[in-house]
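Worksheet for the structure shown next.
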Amino acid sequence: MGSRVVLFGGRLLGTDELSNEMHVLETGLMRWKTIKVKGEPPCARHSHAATAENGDLFIFGGEAEHELYLNDMHVFRPKEMSWITPRCHGVPPPPQKDAAMATSGTRLFVVSSKMPRVYSFDTATMTWCNVIDMHFLPPFFSVESHGKTLLAFVDSPRRGVGCFALDTSRLPYVGFDHVASLVADLGSLVPYSTGTAAPEAAALSDIFLVSSDGTQFSAHRALVKTRLPGLLAERESESRVMVPLCASTTCALLQYIYTGTVGAVCNADDESAILRLAGSDSGGVERLRDDMRRLLRSGADSDLTLVVEDKRFECHRAVLAARSPFFRAMLGANMKERGEPVIELPEFFATSFAHVLRYIYAADADLDETCCPPQQMAEALGVACSLMVEGASALFAGLLSQHIDTSTALQTLQLAACLECAPLRQACVDYCVANFRVLCRTDEFKLLPKELGDLLLRYYEADENAT
């Protein structure tokens, strides 16, 4: 890092003692020194991966005491001489030692030591976002980056030493795009052709916007009023509202109301008219999310009350139906709940339901990850899976995967299997297989359902045979 070589952790020579100290070699003086740091350092370990990005040192994984493999991420900031443990998102790689790591732009690439698999970590959002399998290659032993190209070095008994190049600029973002999902779901409520509404929009609409040429568009009062208050000013009780725009531009205006983006318009004057209605700063998708949070908090113009435990949630049928297949079916034409003003959901806890409801409206969970216990995250995951909200399931599965350790791995595996949550299940299996020799001696392992115990044993034996 600059003119200094930074060394963290390792095994003390001639002993089994592990270190978590930080040492620095000043290359100008060729002198080593041990430095005092702030913050909570990573636990003592060896065989971890490390790389520098934008002046910070990132540490991943390694082996701790008692042959415990790790998959945590830590950051050392030399300017403050302090450690931080970032709040990561997404599902991390399996616990492992001897992994290689390199950086390209704002992304770190962790290359597995046992199989040709590359994991991508976005340092801007602290999110694990890609898994790239390269089954046609032998395991890598070293990796370096040159600009946007990742160079992976391999050593195979059959092929000898070789080098393979991976163009990182061509790698897509594979993690779940929560905001794009919100925009797409709310966009399903927009009339998809002039004067014609999508089925769910027409069924749950309660207002019509009428263009200057008389074309009528079904819409939802709560959303229109929240997004463009001036459009319904002094006309809140009217069921048909005239809009001083042609049909195609009115359709573009509806696109803005529901998605935060302006659709195709006839000319610059029409676009200016839309922006005047929206305000000088349209705010785009982030304003859409802010408005949806405000709509949920206020409960303005709600047409449905959901009761969970002793708490009442004022909601909007159109939003629920657009975002959740569970609610879409419940509020459908042939269900008794369609006309009910109040629906009780006795199977959920109010706190965890509130997190998922916030996600439905704004694609975030209003969750303080620093103090929220894993049990509450697990309850929220259960709600998300029951309501079939894919993005919320991915969010809470990613959060829970950050809390997998030897005390929670087997319990979380059973939860993931029960909920049929594939990403969390795979994260648990990876952790349990990597630390099988530790976990198989515990009482919790003996109490596992036979099919899960056999699954872990089978994966562990296959992993051992592969190495």
Side-chain angles (χ1 to χ4, degrees), residues 71-72 87-95 125-129 131 174-182 185 296 306 308-309 311 313 315 319-320 322-330 345-432 444 448-449 451-452 455-456:
N71 64 344
D72 50 351
R87 290 186 292 171
C88 299
H89 305 276
V91 178
T125 60
M126 296 297 177
T127 301
W128 293 103
C129 53
V131 181
V174 178
F176 193 93
D177 194 330
H178 301 283
V179 176
S181 175
L182 173 69
D185 289 341
L296 176 61
L306 298 177
V308 183
E309 293 186 305
K311 189 172 178 60
F313 297 91
C315 303
V319 177
L320 297 179
R323 296 282 282 153
S324 163
F326 173 89
F327 283 120
R328 191 176 308 140
M330 174 184 282
L345 300 173
E347 63 269 37
F348 302 134
F349 293 107
T351 302
S352 53
F353 180 81
H355 292 317
V356 178
L357 189 61
R358 166 67 174 254
Y359 183 91
I360 287 174
Y361 274 74
D364 60 33
D366 191 26
L367 190 72
D368 187 349
E369 300 160 28
T370 60
C371 63
C372 180
Q375 177 61 33
Q376 193 175 115
M377 295 182 186
E379 292 170 359
L381 175 63
V383 175
C385 291
S386 296
L387 299 183
M388 303 169 69
V389 184
E390 182 184 2
S393 299
L395 174 66
F396 292 113
L399 291 175
L400 267 178
S401 69
Q402 307 296 330
H403 293 269
I404 298 174
D405 56 30
T406 52
S407 66
T408 64
L410 297 174
Q411 181 181 2
T412 307
L413 173 61
Q414 294 181 74
L415 171 69
C418 179
L419 295 176
E420 298 182 352
C421 182
L424 182 61
R425 181 178 180 272
Q426 189 59 53
C428 292
V429 169
D430 288 340
Y431 186 93
C432 293
E444 289 84 354
L448 270 182
E451 62 272 16
L452 290 180
L455 173 73
L456 295 180

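It should be emphasised that the depicted structure is a prediction, and the values quoted were computed from it without experimental measurement.
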Exercise. Measuring from L419:CG to C385:SG, what's the distance to the nearest 0.5 Å?
Worked result: 4.5 Å

Exercise. Does T127 use its side chain to pair, donor to acceptor, with the backbone of T125 at less than 3.5 Å?
Worked result: yes

For this session: Could you check L381, V429, V91 and say which one makes a side chain to side chain contact (heavy atoms under 4.5 Å, CB included) with L424?
Result: L381

Problem set entry | Residues which pass side-chain contact (heavy atoms from CB on, under 4.5 Å) with E390, listed by chain and number, not counting sequence neighbours | F176

Seminar exercise, completed: Residues S407 and D405: closest non-hydrogen pair is OG-OD1, 2.7 Å

Seminar exercise, completed: Here the pair of heavy atoms bringing A378 nearest to L400 is CA-CD1, 3.7 Å

Exercise. Run the side chain to side chain contact (heavy atoms under 4.5 Å, CB included) check on V356 and F348 step by step: do they pass?
Worked result: CA-CA 11 Å; V356 178; F348 302 134; over 6 Å; no

Problem set entry | Spacing of CD belonging to E444 relative to CG belonging to L410, to within rounding of 0.5 Å | 6.5 Å

Exercise. Donor-acceptor pair, R425 side chain versus L413 backbone, under 3.5 Å?
Worked result: no

For this session: With sequence neighbours excluded, tell me which residues meet side-chain contact (heavy atoms from CB on, under 4.5 Å) with D364.
Result: R289, R293, R358, A362

Exercise. Hey, is CD on E451 packed in by over 12 heavy atoms from elsewhere, all under 6.0 Å?
Worked result: yes

For this session: Find the distance between CG (L357) and CG (L296) and round it off to the nearest 0.5 Å.
Result: 5.0 Å

Exercise. Where do Y431 and P95 come nearest, in terms of heavy atoms and distance?
Worked result: CD1-CG, 3.1 Å

For this session: Could you tell me whether the side chain of N71 and the main chain of P94 form a donor-acceptor pair under 3.5 Å?
Result: no

Exercise. Do R323 and Y361 have side-chain heavy atoms sitting under 4.5 Å apart?
Worked result: no

Problem set entry | Minimum heavy-atom distance between Y359 and G391, given as atom pair plus value | OH-CA, 3.1 Å

Exercise. side-chain contact (heavy atoms from CB on, under 4.5 Å) with S324: which residues, sequence neighbours excluded?
Worked result: F326, F327, L387, V389

Seminar exercise, completed: Here the gap from Q375 atom CD to L415 atom CG, rounded to the nearest 0.5 Å, amounts to 8.5 Å

For this session: Answer with yes or no whether the side chains of E379 and H355 bring together a donor and an acceptor at under 3.5 Å.
Result: no

Exercise. Could you state the interatomic distance from CE (M377) to NE2 (H403), rounded to the nearest 0.5 Å?
Worked result: 3.5 Å

Exercise. Taking atom CZ of F353 and atom CD1 of I360, what is their separation to the nearest 0.5 Å?
Worked result: 6.5 Å

Exercise. Between the main-chain N or O of V383 and the side-chain N or O of S352, is there a donor-acceptor pair closer than 3.5 Å?
Worked result: no

Exercise. Is it the case that more than 12 heavy atoms not belonging to Q411 sit under 6.0 Å from its CD atom?
Worked result: no

Exercise. So D185 and S181, side chain to side chain contact (heavy atoms under 4.5 Å, CB included) or not? Walk me through it.
Worked result: CA-CA 6 Å; D185 289 341; S181 175; 3.6 Å; yes

Problem set entry | Heavy-atom side-chain contact between P92 and Q402 under 4.5 Å | yes

Exercise. Has the side chain of E309 got a donor or acceptor atom that lies under 3.5 Å from a matching backbone atom of L345?
Worked result: no

